[in-house]
Amino acid sequence: MSLLLVAVVAAMCLSHASSHSVLSKASYDPRAVALVEKMTFAEKSALLAGVGGPAIGNTAAVPRLHVPALHLEDGPQGVGDNEELVTAFPCALAMAATWDTKVAQAWGAVMGDEQRRKGMHIMLGPGLNLARVPLNGRNMEYFGEDPVLAGKIGAAVVQGIQSNGVIACAKHWVNNNQEGPDHNGRLSDNSIVGERVNFELYYAPFAATVNAGVGAIMCAYNLVNGTYACQNEPALTRDLKDRLHFTGFVMSDWGAMHDVVPSFANGMDMSMPGGFSAQTLALLEANVSAARVDDAVVRIVSQLYQAGIMEHPEKYDGNSSVNVTSAEHQAQAREFAEKSMVLLKNDNNMLPLSNEHIGHVAVIGDDDTLAGTGSGHVILPYLFTLKQALVERFGAVSLNVDGDRHVNGTGSDCTQVAKGGVVCNHTKSYQPCGMNQCDQTQNTAPVSEDDIAAATELARTSTVAIVSVAVNGGEGYDRVNLSLGAMQEKLITSVAAVQPNTIVVVRCPGAISMPWLPSVRAVLVQFLPGQESARALANVLYGTVSPEGKLPLTFPVSEQHTWLQTPEQYPGVNFQVDYTEELLMGYRWFNAKKETPLFPFGFGLSYTSFEWTDSKVTPVGNASTEIIVEVTVTNTGRRTGADVVMAFVTFPTAAGEPPLQLKAFAKVRLAPNASTRVAMAISTQAVSVWSVQTHAWTKVTGTFDLALGSNVADLQFHHTFTVQ
């Protein structure tokens with residue numbers, strides 16, 4: 001090692017001033033350190049800020065040292081930013097509803113593949129902010145309300161993305177849990193959050209992806225405890241880089257860098273999307289230490305080496321004109337949509353519908369609310385409707401039958417299918433905001449009185465009515481309430497009043513209220529299911545597959561029935577948002593307060609049934625450093641299906657923790673009469689709390705309760721164990 005390189009490394013170590021300094025552990029790729037040693041300041045600065053280019057974010061190349069130009073693209077539901085010839089997959093919240101890390105990894109891998117073949121080096125995702133605010137417009141980009149679920153699913157997604165040589169960029173660090181108030185209030189929101197709350201809740205999903213090797217993390221627009229997130233030394237350097245041992249690089253959200261000197265001095269490594277002016281460069285060079293600049297560049301280049309970008313730049317030669325979707329990717333999109341569907345109600349086994357006695361099926365309502373808006377939007381390569389999926393499934397015999405069944409003067413909308421069935425339609429194609437930022441009114445499927453009258457008449461003369469309702473969400477706005485809107489709710493109740501066999505299919509970006517729930521026989525939630533929604537829905541409705549999704553967040557009765565009880569908590573007062581609920585967020589609040597939600601965290605029905613037997617808890621090691629939880633799961637029904645075993649831990653009272661915290665889960669998929677033994681580990685950290693005195697995890701000693709259940713309100717076994 002040269003004297004210059006020794007000096008650079010030593011200076012960078014000192015700049016962190018922490019025993020947890022990642023450089024002191026030689027975490028950087030030595031090839032990156034050697035390359036950065038050869039760079040001029042101008043070459044280094046080329047990697048620290050964006051330039052114009054083909055993607056939403058780009059950096060300039062360093063030709064002398066063979067560092068390629070980098071291209072960054074949005075991707076929470078597929079390749080975004082108006083890219084075409086891509087696959088629109090289900091949203092992140094839908095993936096959390098699978099409770100399946102293998103499915104999540106496959107979702108990440110196929111998106112990483114499409115990003116790379118489009119010429120992208122960095123995918124701006126996954127999103128890891130917890131659903132603290134049920135009205136948050138971007139909840140569909142995240143993995144629900146629980147840090148363990150979000151962390152495990154998020155880590156699997158990162159591994160999938162990066163398996164294709166694309167750097168995953170987890171976002172938005174940190175406490176960016178709302179878009180409002182009003183339009184883009186997030187730009188000024190000041191989140192006031194305690195250290196313990198952050199480490200136990202809001203940091204935890206990011207920590208899981210750091211442990212999974214995530215290459216980049218995006219700092220957010222909002223302020224955290226009085227300082228903008230992208231120039232916040234406690235959040236960026238002390239907590240993320242030192243305490244969580246993050247060795248990748250931090251980029252700003254688009255335009256989130258407010259001041260170049262404190263941003264880079266305090267831990268941000270890349271500014272997006274624009275470049276540096278001569279004046280900004282001069283400020284950077286004069287006021288930010290050379291060690292800190294080198295630290296930023298080494299972090300970036302290390303990830304380029306680890307992803308294979310430096311050694312194989314030719315793998316990223318694609319561009320916007322390349323068609324990266326395929327029949328295989330469409331089949332994966334359909335499978336993801338099937339596995340994420342949540343059955344919330346199924347009175348008298350209304351579902352699955354019969355494949356033999358099809359009858360007259362009325363398909364009513366929203367046709368195409370399938371992907372989120374804003375930067376999470378993906379252009380659908382095609383719109384395939386539920387009516388088309390049913391006709392494809394059963395085979396058309398003739399068109400335009402039952403001439404008297406006209407829909408609101410538009411002519412016959414019915415198709416005769418096999419086995420005497422008829423599929424009739426009163427839906428409307430609704431193209432929402434795409435990449436634009438829209439409020440809830442613009443993001444809700446429109447329904448008119450004429451629509452309701454036509455749909456009611458169609459339902460009256462059918463044997464079953466499938467009513468699809470939708471509200472979308474996206475960047476820039478929160479929802480104003482959890483309602484589907486008065487007209488969609490009237491559509492449901494009007495149809496149900498004349499058709500007892502009414503099935504409601506909900507597409508939504510998060511929790512919704514359901515005042516109409518008692519009037520319908522069955523409810524399926526798809527969240528935002530992507531382009532293969534209709535075929536997946538047909539397969540679930542008619543029992544080709546059993547629904548296996550579980551809610552990744554609580555559905556409250558209304559937006560008033562949550563842990564956010566004051567305007568100081570949400571939407572904030574004078575843009576200050578106080579997290580005074582502390583650890584009582586989501587299902588933890590409902591359990592602690594003994595409140596009953598509309599549907600609890602983890603809820604989801606199946607077409608089959610399961611029996612759990614022979615559960616036990618076994619401490620490992622004399623000091624109980626790990627707890628092994630076991631239970632046998634048997635499919636006692638007649639259909640193949642999946643169940644999720646969830647382990648909820650209650651701490652000793654003195655720990656001051658909410659009851660029944662999810663600490664482990666396992667998904668099992670079983671044929672009829674098949675059994676499997678499920679074993680899960682509860683780690684030492686899972687029985688620890690974050691100490692604000694020692695600024696570290698502290699193991700709690702004493703007697704713990706452990707409950708096993710298929711959701712937080714359906715607990716089948718209870719055990720105790722002691723931690724010494």
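- Classification of Asp294 and Arg299 as a salt-bridged pair fails, no side-chain N sitting under 4.0 Å from a carboxylate O.
- Residues Asn232 and Asn266 bring no donor and acceptor atom of their side chains to less than 3.5 Å of each other.
- The shortest non-hydrogen separation linking Phe246 to Gly215 is CZ-O, 3.9 Å.
- The closest side-chain heavy-atom distance from Val471 to Pro509 is below 4.5 Å.
- Under 4.0 Å is where a charged nitrogen must lie from a carboxylate oxygen, and between Arg117 and Glu114 no such pair does.
- Contact between Ala94 and Ser340 at its shortest, heavy atoms only, is O-CB, 3.0 Å.
- At a threshold of 4.0 Å, the pair Arg186-Glu475 counts as salt-bridged, since one of the basic side-chain nitrogens sits closer than that to a carboxylate oxygen.
- Taken to the nearest 0.5 Å, the CG atom of Leu553 stands 5.0 Å off from the CG atom of Leu93.
- Here the shortest heavy-atom pairing between Cys438 and Asn443 reads O-ND2, 3.3 Å.
- Heavy atoms of other residues, nucleotides or ligands lying less than 6.0 angstrom from CG of Asp182 number 12 at most.
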Worksheet item: Stepwise, does the side-chain contact (heavy atoms from CB on, under 4.5 Å) test hold for Gln576 with Asn574?
Response: CA-CA 6 Å; Gln576 178 170 308; Asn574 297 323; 5.7 Å; no

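- Judged purely by atom type and a 3.5 angstrom limit, Ser252 uses its side chain to pair as donor or acceptor with the backbone of Met272.
- Rounding to the nearest 0.5 Å places CD1 of Ile167 at 12.0 Å from CD of Gln115.
- Distance alone, capped at 3.5 Å, is enough to place a donor-acceptor pair between the Tyr316 side chain and the Gly165 backbone.
- Both tests pass for Arg132 against the ring of Tyr579: distance under 6.0 Å to the centre and angle within 45° of the axis.
- Using a 4.5 Å cut-off on side-chain heavy atoms (C-beta onward), Thr87 and Val110 make no contact.
- The existence of a salt bridge linking Arg196 and Glu582 is excluded, since no basic side-chain nitrogen approaches an acidic carboxylate oxygen closer than 4.0 Å.
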Worksheet item: After noting the C-alpha distance and the side-chain angles of Asn190 and Asn222, does the key distance pass the side chain to side chain donor-acceptor pair (under 3.5 Å) rule?
Response: CA-CA 6 Å; Asn190 179 18; Asn222 56 284; over 6 Å; no

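- Between the side chain of Trp173 and the backbone N or O of Ala235 there is at least one donor-acceptor pair closer than 3.5 Å.
- Considering all non-hydrogen atoms of both residues, Glu141 and Ser375 come closest at OE2-OG, 4.4 Å.
- Taking both residues in full, the closest heavy atoms of Val51 and Ala60 are given as CG2-N, 3.6 Å, listed atom of the first, atom of the second, then distance.
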Practice prompt. I would like to know whether Asp146 and Lys152 meet salt bridge (charged side-chain N to carboxylate O under 4.0 Å, His left out); could you show each step before the answer?
Written response: CA-CA 10 Å; Asp146 181 80; Lys152 288 186 179 294; over 6 Å; no

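- Listed for the Ser263 side chain is no donor-acceptor partner under 3.5 Å among the backbone atoms of Val260.
- A tilted orientation is assigned to the rings of Phe336 and Phe89, their planes being inclined by 30° to 60°.
- Counted by atom type alone, Gln178 and Asp189 present one or more donor-acceptor pairs between their side chains at under 3.5 Å.
- For the pair Arg238 and Asp242, the salt-bridge criterion is not met [side-chain N within less than 4.0 Å of a carboxylate O].
- Inter-residue side-chain proximity for Lys38 and Leu65 is flagged as met; some heavy-atom pair is nearer than 4.5 Å.
- In this structure, the side chain of Lys241 engages the main chain of Gly267 through a donor-acceptor pair within 3.5 Å.
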Discussion item. Under the criterion side chain to side chain donor-acceptor pair (under 3.5 Å), I'd like the reasoning laid out for Asn184 against Glu179: C-alpha separation, chi angles, the key distance, then a yes or no.
Written reply: CA-CA 6 Å; Asn184 275 332; Glu179 296 295 289; over 6 Å; no

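- Between His258 and Tyr228, the two ring planes are parallel [angle under 30°; tilted spans 30° to 60°].
- For the pair Arg243 and Glu195, the salt-bridge criterion is met [side-chain N within less than 4.0 Å of a carboxylate O].
- At a threshold of 4.5 Å between non-hydrogen side-chain atoms, the residues Asn177 and Tyr570 do not count as touching.
- Gln77 contributes a side-chain N or O that, together with a main-chain N or O of Leu370, makes up a donor-acceptor pair within less than 3.5 Å.
- Within the 4.5 Å cutoff, side-chain heavy atoms of Leu284 are placed close to those of Phe41.
- Partner of Glu559 under the side chain to side chain contact (heavy atoms under 4.5 Å, CB included) criterion, out of Leu564, Val133, Asn481, Val480: Asn481 alone.
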Worksheet entry | Audit row: Tyr221, Asn176, side chain to side chain donor-acceptor pair (under 3.5 Å) steps and yes/no | CA-CA 8 Å; Tyr221 287 116; Asn176 182 191; over 6 Å; no

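- Checked by atom type and distance alone, the side chain of Glu43 pairs as donor or acceptor with a backbone atom of Thr40 at under 3.5 Å.
- In this structure, Asp74 contributes its side chain and Gly376 its backbone to no donor-acceptor pair below 3.5 Å.
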Item to complete: Would you check, one step at a time, whether the test side chain to side chain donor-acceptor pair (under 3.5 Å) holds for Asp29 with Gln306?
Response: CA-CA 8 Å; Asp29 192 304; Gln306 290 173 29; 4.6 Å; no

Worksheet item: Should Asn472 and Leu528 be marked as a side-chain contact (heavy atoms from CB on, under 4.5 Å) after you check the CA-CA gap, both sets of side-chain angles, and the distance that decides it?
Response: CA-CA 8 Å; Asn472 211 333; Leu528 295 174; 3.4 Å; yes

Fill in: Residues Val157, Trp107; criterion side-chain contact (heavy atoms from CB on, under 4.5 Å); working and verdict
CA-CA 7 Å; Val157 171; Trp107 180 72; 3.6 Å; yes

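- Asp578 and Thr580 share no side-chain donor-acceptor pair at under 3.5 Å.
- Panel note: side chain Thr373, backbone Gly473; a donor-acceptor pair is recorded below 3.5 Å.
- Between the NE2 atom in His695 and the CZ atom in Phe199 there is a gap of 9.5 Å [rounded to 0.5 Å].
- Asn225 pairs by the side chain to side chain contact (heavy atoms under 4.5 Å, CB included) definition with Ile192, not counting sequence neighbours.
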Worksheet item: Passes side-chain contact (heavy atoms from CB on, under 4.5 Å), Phe527 versus Cys508? Steps please.
Response: CA-CA 5 Å; Phe527 294 111; Cys508 53; 4.0 Å; yes

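- Side-chain contact between Met268 and Cys219 is present, with at least one heavy-atom pair separated by less than 4.5 Å.
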Donor-acceptor pairs under 3.5 angstrom involving side-chain atoms of residues 121-131: please list them, not counting sequence neighbours.
from: His121; atom 1: ND1; to: His71; atom 2: N; distance (Å): 3.0
from: Asn129; atom 1: OD1; to: Tyr142; atom 2: OH; distance (Å): 3.4
from: Asn129; atom 1: OD1; to: His172; atom 2: N; distance (Å): 3.0
from: Asn129; atom 1: OD1; to: His172; atom 2: ND1; distance (Å): 3.2
from: Asn129; atom 1: ND2; to: His172; atom 2: O; distance (Å): 2.9

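- Checked by atom type and distance alone, the side chain of Thr227 never pairs as donor or acceptor with a backbone atom of Val224 at under 3.5 Å.
- Residues Glu145 and Tyr587 meet the side-chain proximity criterion, which asks for heavy atoms closer than 4.5 Å.
- Counting only residues at least two apart or on different chains, the salt bridge (Lys or Arg N to Asp or Glu O under 4.0 Å) pairs with a member in residues 79-90 are Glu83-Lys118.
- For the pair Val297/Phe249, no side-chain contact is recorded, criterion being any heavy-atom separation below 4.5 Å from C-beta on.
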